[in-house]
Amino acid sequence: MSMPVVSLKGITKSYGTIQVLRDVSLDVEAGEVVAVIGRSGSGKSTMLRCINGLESIQGGTITVAGHVVTQTAKQLRELRREVGMVFQSFNLFPHLTVEQNISLAPRIAKKMAAEQARGIACRVLEQVGLSEKIDAYPQQLSGGQQQRVAIARSLAMEPKVMLFDEVTSALDPELTGEVLKVMEQLAERGMTMVVVTHEMGFARHVADNVVFMHKGTVWEQGTAEVFFDSPRTPELQQFLRSSKVK
Amino acid sequence: MIHQFGIHDILYLLSGAGWTLILSAVTMIGGGMIGFCVALMRISSSHVLHGIAVVYIELIQSTPVLMVVFLVYFGPGIFGIELPKFPAAALALVVYSSAFFAEIWRGAIQSVPRPQWEASSALALTWLQQLRYVILPQAVRVSLPPTVGFMVQVVKNTSVTSIVGFVDVSRAGQLISNATFQPFRVYLWVAAIYFVICYPMSVISRRIERKFNVRR
Ligand SMILES: Nc1ncnc2c1ncn2[C@@H]1O[C@H](COP(=O)(O)OP(=O)(O)OP(=O)(O)O)[C@@H](O)[C@H]1O
Ligand SMILES: [Mg+2]
């Protein structure tokens, strides 16, 4: 069996005295799409942020593409070249054009020549269907477009895995579709993805595996079909019922 | 001894104004550079650097500029060193203004939303790269009005150095006023000179601000 791209083993994490993650273990294989669902406050974002070292952990080990997630700045940077992250609030750099947003990290963190970085920017923008916006500033774009640029910005680093934290939650309902479509295309191209989401449709139809986080731990997981059609734990059954009502 | 206010007095005032300008420039450059470093220390995650910066800023900000000038001018005397007037005046103002520059820029840097730090660190940038390419360009915009406002203060604050005998435009005015007994006329000139120095600064600042806003 091949090595998983992301492997969490027995992760614990507390903020002060509040334990937010308890004994979280999860493997993500290359090319796999894992959807993470769960109630607000169940630790989904925290788990995701631990994977690229934005949050430190107190116990357990995280390995990503062969890197052990540690806290020395240099090792963290090496890890982050391999891990793309897309946030709920886009977090584009407002003072830079779309192209500059995308080519910044390749140029600075990877010391790539400007020409080459521009080439990459064009390519990833085409991938998210926004070639014509290359010279726009973020505030000239709609939320959906901004989020697609944010995805392109991550793609430009050619990551081995991409993390998505409720990337459609800040969008008007009519704009979520275009972002989900881009993510679906990424999945089809074989990108390894961990997707925290409230979009049950996406979890069911695009994800290979679905994880239910509850009380800071992986409560139940399984392939999308089994997970949605025959949930085992009462907590998941109740969660699925309540999210269908919505 | 007493003479009429005339052209040579105006020339004397202008030479004083020259010194005011030189002292202001040195203060802005020196104070700006030190202030920038202190601002970075203040936001750094190192407790030691942070602590040093906080103490430095608090101490200086709660000391009247006049006291800083006195301390720097007379302090070295304890060790038998006598600082010439210009270096003493410049050093005092550099130290004094650095604390204020530091606070202005710290505030500007911290006004950039935290997610900007997170997004850029997730893109594998180093702390300095994050600052240089993501945070500072946004902070500059915020810091521009208070920075220029404080620079105008710096120009005006240089007058306190006349207390230790440094002949800036205020001190020149005082001397001429004593010699001519025409204080109103003399100080009107002095005030006009300050205005001529300070007003363009505000105008330029507004221009730059507008340029930034258009580009956004
Ligand atoms: N910086 C922090 N300091 C203290 N507590 C925090 C911090 N960040 C998160 N928490 C707490 O950790 C718990 C898990 O938060 P997390 O953001 O991971 O939840 P989530 O599953 O992503 O929820 P949501 O669906 O609302 O985004 C919550 O109880 C939250 O209050
Ligand atoms: Mg969350």
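Within every chain, numbering begins at 1; the chains are lettered A, B, ... in the order of the sequence lines, protein sequences first and strands thereafter.
Side chain of His95(A) to main chain of Tyr133(B): a donor-acceptor pair is present (N/O by atom type, distance under 3.5 Å, no hydrogens or angles).
Side chains of Phe93(A) and Ser120(B) form a contact here, defined as non-hydrogen atoms less than 4.5 Å apart. Contact check for Leu104(A) versus Val134(B): side-chain heavy atoms found under the 4.5 Å cut-off. In this structure, the side chains of Ser121(B) and Arg77(A) stay at 4.5 Å or more apart for every pair of heavy atoms. Between Leu123(B) and Arg80(A) the shortest side-chain heavy-atom distance does not fall below 4.5 Å.
Within 6.0 Å of CD on Glu115(A) lie no more than 12 heavy atoms contributed by other residues, nucleotides or ligands. Atom CZ of Phe74(B) has more than 12 neighbouring heavy atoms from other residues, nucleotides or ligands inside a 6.0 Å radius. More than 12 heavy atoms of other residues, nucleotides or ligands shown are found within 6.0 angstrom of OH on Tyr15(A). When the shell of 6.0 Å around CD of Glu78(A) is examined, it contains more than 12 heavy atoms from other residues, nucleotides or ligands. Residue Gln185(A) qualifies as enclosed at atom CD: its count of foreign heavy atoms under 6.0 Å is above 12.
When heavy atoms are compared at a cutoff of 4.5 Å, Arg49(A) approaches chain B solely by way of its side chain, counted from C-beta outward. With a 4.5 Å cut-off on non-hydrogen atoms, Asn52(A) touches chain B through its side chain but not through its backbone. Only the backbone of Leu92(A) comes within less than 4.5 Å of a heavy atom in chain B; its side chain stays farther off. Contacts of Ile108(A) with chain B are made by both backbone and side-chain atoms, with heavy-atom separations under 4.5 Å.
Ala109(A) and Ala124(B) get closest at one heavy-atom pair: CB-O, 3.6 Å.
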